[in-house]
Amino acid sequence: MVQEQVSYSAVLMGSPILLKLFVDDQALAAQVFRLIKHQENLLTVNRAQSEVMAVNHAAGQQAVSVCAPVFQLIKQAKAVSQLNGCFNFTIGPIVKRWKIGFQGNSVPPAAELQRLLTLTDPADVQLDEQAQTVFLRKAGMEIDLGAIAKGYIADVVRDFLRQQGVTRALINLGGNVQTLGAPDEAGQGWAIGLQQPFAGPDALIGVIHVSSKSVVTSGVYERYFELNGRRYHHILDPATGYPLDNELLSVTVICDHSIDGDIFTTLLYGMGVRQGLAYLGQNPQIEAIFVTKDRQVICSSRRQFSFQLLHQDYRLNAVTDSTA
Ligand code: ADP
Ligand code: MG
């Protein structure tokens, strides 16, 4: 018997959330949405109060104790921020100044960005493992988990569903997808659309198929504003304070854990296609699809996913192991 997929949706974290199950279980869906809300309440920086905001409010003053999972997440975000890539979770003051995707956005004066950059050294985040406290050494510092939180929460939802005995499910947190199993044994797995940049959520470049994998996309078209013919998007270069500008329109990462997917979309975005593919060649547990401004779709080895191109204006550029 073919079982029907049942979809549940909500708007949380400012994003559309979609849950797919194979049972009609309103109570389970409600538990999942409550779980997401609870995590959002701990991690958000888009409201005055959260555990993370308590840390930010106390910058330059005192250490703040946080719950164990938040401490671990901050610890991981700090470690990734010290890799010398483009991921830096102390970029908060600059994110707040640009307000990209929020009301009142504007291009900050260069001198102001320079000043704010002095508040973005991840080494200034002091962690006390024993006391489970976080201290931001300089007044004005702000941590921002926006580039890692959705991935983390997607994994929390996956783990919860597994505990509940669910073997097949999909959770989509505003473009951050995590899957359990596959919809049916004979098929290709879950079908996840690769969005066409600047064309609305239903316009697809192609379809990605996975089973028991996470698929995370970060694109310049997700949040941006335009001024005097220039486009300013929400992934910032921690070295300059300006939006990252290279040949890319989006990066999609396919891997086991959504938290890694979320981290690596930002890291690979910063690396660009050449350096990114070289990195992926050495790290087969992470896979990616790059979409470039000149309409190329470049896939890594495709051991963990398959990709079907649908849009005629895009060219598929598969990478063999030897070129990666
Ligand atoms: P989204 O799924 O919303 O596109 P991303 O995972 O791409 O999110 O992360 C973008 C968010 O991360 C930004 O909105 C901002 O809050 C924060 N951010 C921006 N630039 C960086 C950066 N270089 N390193 C870490 N976080 C960043
Ligand atoms: Mg991310």
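Residue numbers start at 1 and run along the sequence shown. Whatever order the structure lists them in is the order used to number ligands and atoms, beginning at 1.
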Ser300 and Glu287: side chain donor to acceptor below 3.5 Å: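 Per modelled atom types, Ser300 and Glu287 side chains form a pair under 3.5 Å.
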
Any side-chain donor-acceptor pair under 3.5 Å between Gln178 and Asp155?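 Yes, Asp155 and Gln178 have a side-chain donor paired with an acceptor closer than 3.5 Å.
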
Counting C-beta onward and ignoring hydrogens, is there a side-chain heavy-atom pair between Val125 and Thr90 closer than 4.5 Å?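 The answer is yes, as the side chains (C-beta and beyond) meet within the 4.5 Å cut-off.
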
Enumerate the atoms of ligand 1 whose separation from the nearest heavy atom of [X] is less than 4.0 angstrom.
X: Pro238; answer: 23 (N)
X: Leu236; answer: 19 (C), 20 (N), 22 (C), 23 (N)
X: Phe87; answer: 24 (N)

Checking a contact table here: which protein heavy atom is nearest [atom], and how many Å away?
atom: atom 2 (O) of ligand 1; answer: Lys150 NZ, 3.2 Å
atom: atom 6 (O) of ligand 1; answer: Asp262 OD1, 2.9 Å
atom: atom 27 (C) of ligand 1; answer: Ile91 CG2, 3.8 Å
atom: atom 7 (O) of ligand 1; answer: Ser218 OG, 2.3 Å
atom: atom 26 (N) of ligand 1; answer: Ala147 CB, 3.4 Å
atom: atom 19 (C) of ligand 1; answer: His234 O, 3.3 Å

Have a look at Asp262 and say which of its N, O or S atoms is nearest the Mg ion (ligand 2).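 The Asp262 atom nearest to the Mg ion (ligand 2), restricting to N, O or S, is OD1.
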
Name the option, out of [options], that contains the heavy atom nearest to [atom].
atom: atom 14 (O) of ligand 1; options: Glu222, Arg223, Lys96; result: Arg223
atom: atom 22 (C) of ligand 1; options: Gly261, Cys86, Ser250; result: Cys86
atom: atom 17 (C) of ligand 1; options: Val220, Leu173, Thr265, Asp144; result: Asp144

Does Asn88 have a non-hydrogen atom less than 4.0 Å from ligand 1?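 Yes, Asn88 has a heavy atom closer than 4.0 Å to ligand 1.
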
Give the C-alpha distance, both sets of side-chain angles, the deciding distance and a yes or no for side chain to side chain donor-acceptor pair (under 3.5 Å) between His311 and Arg295. CA-CA 10 Å; His311 200 298; Arg295 298 192 168 174; over 6 Å; no

In plain terms, say whether [X] and [Y] are close enough for a salt bridge, that is, a side-chain N and a carboxylate O under 4.0 Å apart.
X: Asp256; Y: Arg158; result: no
X: Glu112; Y: Arg97; result: yes
X: Arg231; Y: Glu226; result: yes

Can you check whether Phe198 and Tyr224 have ring centres sitting under 6.0 Å from each other?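 That pair passes the under 6.0 Å test.
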
May I ask you to check if any N/O/S atom from Ile148 comes under 2.8 Å of the Mg ion (ligand 2)?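 It does not; every qualifying atom lies at 2.8 Å or beyond.
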
Lys150 pairs by side-chain contact (heavy atoms from CB on, under 4.5 Å) with which of Gln39, Glu40, Met13?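 Testing each of Gln39, Glu40, Met13 against Lys150, the sole residue satisfying side-chain contact (heavy atoms from CB on, under 4.5 Å) is Met13.
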
The single option from Ser214, Ser218, Ser15, Ser258 passing side chain to side chain donor-acceptor pair (under 3.5 Å) against Asn176: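 Only match with Asn176 under side chain to side chain donor-acceptor pair (under 3.5 Å): Ser258.
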
